[in-house]
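Report on one structure; see the data block that follows.
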2 protein chains.
Amino acid sequence: MLLRQSQSVEWRSIFGSGNGILGGDWILQLRSSSRNYREQKVVSVTRKDQVYTILRQAIISSQLSPGEAIRKELVASQLGVSRTPVSDAINRLADEGLVEIYPQTGTFVARLWLDKIETAQFVRMALETAAIRRTAERSTPELLARLRQNLERQRKAADRLDFEQFYELDEAMHDMICDAAGLAGLREIASKERSQIDRVRRLLLHYETRMIETLIEHEAIITAIAEKDANRAAKAMETHISQMGKLLLHLREKRPELFGS
Amino acid sequence: MLLRQSQSVEWRSIFGSGNGILGGDWILQLRSSSRNYREQKVVSVTRKDQVYTILRQAIISSQLSPGEAIRKELVASQLGVSRTPVSDAINRLADEGLVEIYPQTGTFVARLWLDKIETAQFVRMALETAAIRRTAERSTPELLARLRQNLERQRKAADRLDFEQFYELDEAMHDMICDAAGLAGLREIASKERSQIDRVRRLLLHYETRMIETLIEHEAIITAIAEKDANRAAKAMETHISQMGKLLLHLREKRPELFGS
DNA sequence: CAATAACATCTAACATGTTACACGCTAACT
DNA sequence: AGTTAGCGTGTAACATGTTAGATGTTATTG
């Protein structure tokens with residue numbers, strides 16, 4: 001791969017190093033044929049959707065680091081598709097705030113901007129506390145059973161210090177609560193607005209030492225839902241979410257290079 | 001323009017009738033050159049951005065009706081651009097829920113779905129009540145002056161039954177309150193999540209007979225902000241936003257064809 | 001005559017070619 | 001030495017060609 005001599009390290013893409021972070025022989029599958037598309041609400045999985053999913057995952061999981069260049073052409077060839085679906089996917093990621101596109105210049109994994117994270121945190125707080133109120137009011141035994149099962153698995157994951165697993169269960173729990181509010185598409189909106197936060201949380205995983213505290217907070221949330229106490233549930237959620245802020249400053253000290261100006 | 005005999009009226013695009021709703025001689029301007037793009041946070045205005053703005057405006061203002069087909073190629077030729085920026089703009093609108101894309105079939109202005117509107121209403125409520133709490137706490141004389149000036153203009157618009165102007169001032173007021181919360185990018189998020197609601201409100205404009213009531217509600221909101229009373233401000237905003245729900249059912253009776261299944 | 005298979009047609013999805021322009025570099029000029 | 005103008009390069013933006021598939025229609029078959 002040719003690099004201009006003048007390019008700073010920031011410009012170099014790891015897509016160029018070796019066989020690439022996205023792995024080897026990707027052959028993206030197109031959806032199989034089916035009639036009556038418009039009537040059934042089939043979720044069409046096009047190539048751009050698949051590219052989007054792959055890149056989003058790579059960014060949130062920090063396989064691609066903030067500030068790193070994304071070379072569309074390389075991504076395209078690595079995934080075995082043309083530039084078009086890659087561009088489409090990247091446009092969507094730009095809307096979501098996960099990449100920064102500089103016209104005629106380049107595309108970069110978005111750096112972390114404190115002000116944007118603050119906004120995302122605010123939005124998350126507003127949405128999830130509002131959602132849990134509804135959920136608490138309409139909670140069912142089935143929901144509680146699933147929440148408690150999830151909590152139990154969290155406990156086990158915490159016992160064996162399995163950060164990744166714990167993180168996934170945590171996410172799943174928040175999704176459950178969101179879904180249980182009974183509002184179509186709310187989870188998708190919440191999850192989209194949460195992507196900035198998720199990225200930070202992933203980076204924090206290995207500094208994370210408060211799984212026990214988190215477990216207790218989760219327990220309080222579930223108890224409040226069980227008692228159908230909307231106010232207490234909202235309060236518990238608020239307490240839980242606000243913990244993030246403190247950890248964030250910690251990350252900024254440890255890894256300043258991930259942050260924007 | 002050639003139409004297949006079998007095409008139902010739903011499929012016919014008004015882009016095909018006469019010189020088109022988007023008007024005559026559009027020549028989309030590209031941004032002029034400027035150095036240091038990445039440092040300054042200049043908002044780049046590309047063609048796809050312009051197409052996006054034009055189409056979004058057309059949809060929200062109901063120049064394009066729900067369910068109507070959007071013919072990319074016609075839009076492209078009417079705007080004097082190629083299909084690419086049009087596709088990009090439409091993808092973005094699809095993310096926003098303003099158009100429905102059926103793969104290999106067609107693109108349509110999104111119909112109104114009660115469940116989606118309900119979700120949008122919920123999100124709007126959550127975000128704007130949370131935002132106004134912050135705004136109330138940090139309100140300044142300058143903000144209050146601008147809000148009161150806006151309110152005064154609302155009063156005048158109401159006097160001369162200028163619905164459009166009233167609507168615009170209303171929107172501007174909500175934007176101001178959102179901005180005053182002091183969170184980067186919050187207005188953009190709120191405005192995006194509000195687009196479904198805005199569309200409904202536009203359609204309701206001509207059935208709207210509650211400008212006086214709206215004015216009173218706005219007054220209550222501003223008063224609460226002036227007193228820096230976060231709880232009362234949030235309550236006033238909640239009351240204000242919840243009025244929408246009732247009007248919505250009214251619209252569904254009057255114009256059922258705009259709604260999805 | 002109903003069910004179904006083959007076909008025609010139209011459009012989004014995808015591929016690829018081309019252009020404009022942002023940025024780094026360098027050289028000229030003050 | 002600091003500033004600016006011009007050039008080279010690489011990328012996103014844009015244009016356009018091609019393909020696949022969803023749907024309506026028609027033909028075919030029982």
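Numbers restart at 1 for each chain; the letters A, B, ... are given by sequence-line order, proteins then strands.
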Side-chain atoms of residues 80-92 of chain A: list all donor-acceptor pairs with protein atoms under 3.5 Å, sequence neighbours left out, distances to 0.1 Å.
| unit_1 | atom_1 | unit_2 | atom_2 | d |
| --- | --- | --- | --- | --- |
| A:Ser82 | OG | A:Thr84 | N | 3.3 |
| A:Ser87 | OG | A:Lys72 | NZ | 3.2 |
| A:Ser87 | OG | A:Arg83 | O | 3.3 |
| A:Asn91 | ND2 | A:Ser87 | O | 3.4 |
| A:Arg92 | NH1 | A:Asp49 | OD1 | 3.3 |

When the distance from [atom1] of [X] to [atom2] of [N] is rounded to whole Å, what number comes out?
| X | N | atom1 | atom2 | answer |
| --- | --- | --- | --- | --- |
| A:Gln50 | C:dA13 | CD | P | 13 Å |
| B:Leu74 | C:dT11 | CG | C1' | 12 Å |
| A:Asp88 | C:dA12 | CG | P | 13 Å |
| B:Glu100 | D:dA22 | CD | P | 17 Å |
| A:Arg92 | D:dA12 | CZ | P | 19 Å |
| B:Glu73 | C:dA13 | CD | P | 15 Å |
| B:Asn91 | C:dC14 | CG | C1' | 12 Å |
| A:Phe108 | D:dA12 | CZ | C1' | 11 Å |

Which of these nucleotides, [options], is closest to any side-chain atom of [X]?
| X | options | value |
| --- | --- | --- |
| B:Arg71 | C:dT11, D:dT11, C:dA13 | C:dT11 |
| A:Gln104 | C:dA13, D:dC14, D:dA13 | D:dA13 |
| B:Lys48 | C:dT16, D:dA13, D:dT23 | D:dA13 |
| B:Val81 | D:dT18, D:dA15, D:dT11 | D:dA15 |
| B:Arg47 | D:dA15, C:dC14, D:dG17 | D:dA15 |
| B:Pro85 | D:dA15, C:dA12, C:dC14 | D:dA15 |
| A:Pro103 | D:dT23, D:dA13, D:dT16 | D:dA13 |

Next on the checklist: Nearest heavy atom decides the nucleotide; on that basis, is B:Thr84 or B:Thr107 closer to the 5' end of DNA chain C?
Outcome noted: B:Thr107

Checklist entry - Is the distance from OP1 or OP2 of C:dA15 to the nearest side-chain N or O of A:Ser82 less than 4.0 Å? => result yes

Checklist outcome for this item: Looking only at heavy atoms, the pair that brings A:Ile177 and A:Thr135 closest together is O-OG1, 2.7 Å

Checklist entry - What's the shortest heavy-atom distance between A:Ala181 and A:Ala131, and which atoms? => result CB-O, 3.8 Å

Checklist entry - Got a donor-acceptor pair under 3.5 Å from the side chain of A:Arg83 to the base of C:dG17? => result yes

Checklist entry - Which residues satisfy the side-chain hydrogen bond (donor to acceptor under 3.5 Å, both in side chains) test with B:Glu168, sequence neighbours excluded? => result none

Checklist entry - Which part of the nucleic acid, if any, lies within reach of B:Ser87 when heavy atoms closer than 4.0 Å are counted: base, sugar-phosphate only, or nothing? => result nothing

Item to check | Salt-bridge criterion met for A:Glu257 and A:Arg255 (N-O under 4.0 Å) | outcome: yes

